[in-house]
Amino acid sequence: LENLELASCPRISDLGLLAMLSKLGEHLKVLKVFSCQITGKKLVEITTKNPPILEVLDITYCSKVCDDGLNIILEKFGSNLKKLQLRRTSVTGEGFQDLSADLVLLEDLDLLGCPVTDTGLVTILNKMGKNLKNLGLGGTEVSGENLDDVSLESSVIEKLSLRDCKNLTDKGLWLILNKFGGEVKDLDVDGTSCASMGSMSKCEHSPQGGPGLNIMSMLGLE
């Protein structure tokens, strides 16, 4: 079995998931667990010699998963991850300071609706951002104004969603683009205070997006 999807199974807990993962072994590549009661914390108890090494993990709407539980999941199963969907979880990113998993293969990260602030985003980028191509931050608490500690020497992010980020400012948007947006071609700021031609034209910070970045598509005007 390479692909396991558990959708809207509210009675599945860490122990149930632990039992399944222990049985399925190393061949499992895609795990999708939606709207379940898992926290991730009990998965530290997995004892199988050949645990799954996942390429895709989607725990959308698993609202009990926070930073410490996700740390355990990533350290146990995440070294080959290419796609990580964390929509509507309780992940902030601020607890990833001591994350030991090396996520160098991660290309797609979606944090839609998570309580991620600038502080958490800095840690996320420093720990997971080296090869990210698609970063979803829609509906997070990011403002973009406090990213000085991002240590990425370069970024390959091509698609960036900041849709419905109510704290995002014009200055913050330009700082984001200048800090790690050099290759961005697809930028979504719909539902933010930046999504107007007037606010963009008055901003004193110059964008440094990728050569294919279309200002009109940024503003949702195409």
Side-chain angles (χ1 to χ4, degrees), residues 33 38-41 43 57-79 81-182 184 187-194:
V33 186
I38 65 168
T39 69
K41 297 177 183 179
L43 298 183
L57 175 62
D58 188 339
I59 53 175
T60 295
Y61 279 107
C62 291
S63 59
K64 292 187 177 182
V65 176
C66 53
D67 292 358
D68 51 356
L70 184 61
N71 279 343
I72 292 170
I73 293 172
L74 295 178
E75 288 171 3
K76 289 292 184 180
F77 315 112
S79 60
L81 272 181
K82 297 178 181 178
K83 184 174 183 177
L84 181 58
Q85 298 276 337
L86 302 172
R87 294 181 171 211
R88 306 292 181 184
T89 64
S90 298
V91 169
T92 70
E94 296 179 24
F96 293 163
Q97 294 283 358
D98 299 321
L99 180 66
S100 62
D102 192 0
L103 305 179
V104 294
L105 301 179
L106 190 64
E107 296 183 350
D108 190 327
L109 175 62
D110 195 345
L111 293 152
L112 175 73
C114 294
V116 176
T117 63
D118 288 356
T119 301
L121 181 57
V122 168
T123 306
I124 288 167
L125 290 172
N126 289 342
K127 289 290 185 177
M128 305 181 185
K130 184 176 181 181
N131 292 307
L132 277 182
K133 294 182 179 179
N134 184 4
L135 178 59
L137 297 170
T140 62
E141 299 173 17
V142 168
S143 75
E145 296 194 10
N146 302 288
L147 302 177
D148 291 343
D149 292 331
V150 172
S151 61
L152 288 178
E153 295 181 1
S154 62
S155 170
V156 295
I157 295 173
E158 298 178 356
K159 185 175 182 179
L160 175 62
S161 175
L162 293 160
R163 176 182 286 259
D164 295 324
C165 289
K166 303 305 182 184
N167 293 336
L168 185 68
T169 64
D170 293 340
K171 176 182 177 181
L173 175 59
W174 296 138
L175 290 174
I176 286 172
L177 292 176
N178 289 333
K179 194 71 175 179
F180 59 88
V184 170
L187 176 62
D188 185 354
V189 293
D190 195 25
T192 71
S193 62
C194 302

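Computation of the quantities below employed the complete heavy-atom set of this structure, encompassing side-chain atoms and omitting hydrogens, waters and symmetry-equivalent molecules.
Once rounded to the nearest 0.5 Å, the distance linking NZ of K83 with CG of N134 reads 8.0 Å. Put simply, CG on L125 and CG on L135 are 6.5 Å apart, with the number rounded to the nearest 0.5 Å. L57 CG to I59 CD1: the interatomic distance, rounded to the nearest 0.5 Å, is 5.5 Å. Separation of atoms NZ (K130) and OG (S155) is listed at 12.5 Å; rounding is to 0.5 Å. Rounding to the nearest 0.5 Å gives a distance of 9.5 Å between CE of M128 and OG1 of T123. The structure places CG of L137 at 7.5 Å from CD1 of I124, a figure rounded to the nearest 0.5 Å.
With D67 contributing its side chain and F96 its backbone, the two residues share no donor-acceptor pair below 3.5 Å. Using modelled atom types, one side-chain atom of N167 and one backbone atom of E141 make a donor-acceptor pair closer than 3.5 Å. A donor-acceptor contact shorter than 3.5 Å is absent between the side chain of D110 and the backbone of R87. Side-chain atoms of N131 come within 3.5 Å of backbone N or O of V104 as a donor-acceptor pair. One N or O on the side chain of D118 and one on the backbone of G144 form a donor-acceptor pair closer than 3.5 Å. With hydrogens and angles disregarded, a donor-acceptor distance shorter than 3.5 Å links the side chain of N71 to the backbone of G95. A donor-acceptor pair under 3.5 Å is absent between the side-chain atoms of D188 and the main chain of R163, judged by distance alone.
Here the side chains of Q85 and D108 are in contact, with some heavy-atom distance below 4.5 Å. Residues T117 and P115 form no side-chain contact, since every pair of their non-hydrogen atoms from C-beta on lies 4.5 Å or further apart. Between L84 and L74 there is a side-chain heavy-atom pair separated by less than 4.5 Å. For the pair L187/L177, a side-chain contact is recorded, criterion being any heavy-atom separation below 4.5 Å from C-beta on. Contact annotation: the side chain of V65 approaches that of I38 to within less than 4.5 Å [non-hydrogen atoms, C-beta and beyond]. Considering only heavy atoms from C-beta on, T140 stays 4.5 Å or farther from L121 through its side chain.
When every heavy atom of S193 is checked against every heavy atom of L168, the shortest pair comes out as OG-O, 3.0 Å. Heavy-atom minimum distance, D164 versus T192: N-CG2, 3.8 Å. Minimum heavy-atom separation, N126 to S151: OD1-N, 2.6 Å. Considering all non-hydrogen atoms of both residues, V189 and L173 come closest at CG1-CD1, 4.0 Å. Here the shortest heavy-atom pairing between K179 and V150 reads CE-O, 3.5 Å. Looking at every heavy atom in both residues, G40 comes nearest to I72 through O-CG2, 3.5 Å.
Heavy atoms of other residues, nucleotides or ligands lying less than 6.0 angstrom from NZ of K64 number 12 at most.
Side chain to side chain, E75 and S100 meet the donor-acceptor criterion of an N or O pair below 3.5 Å.
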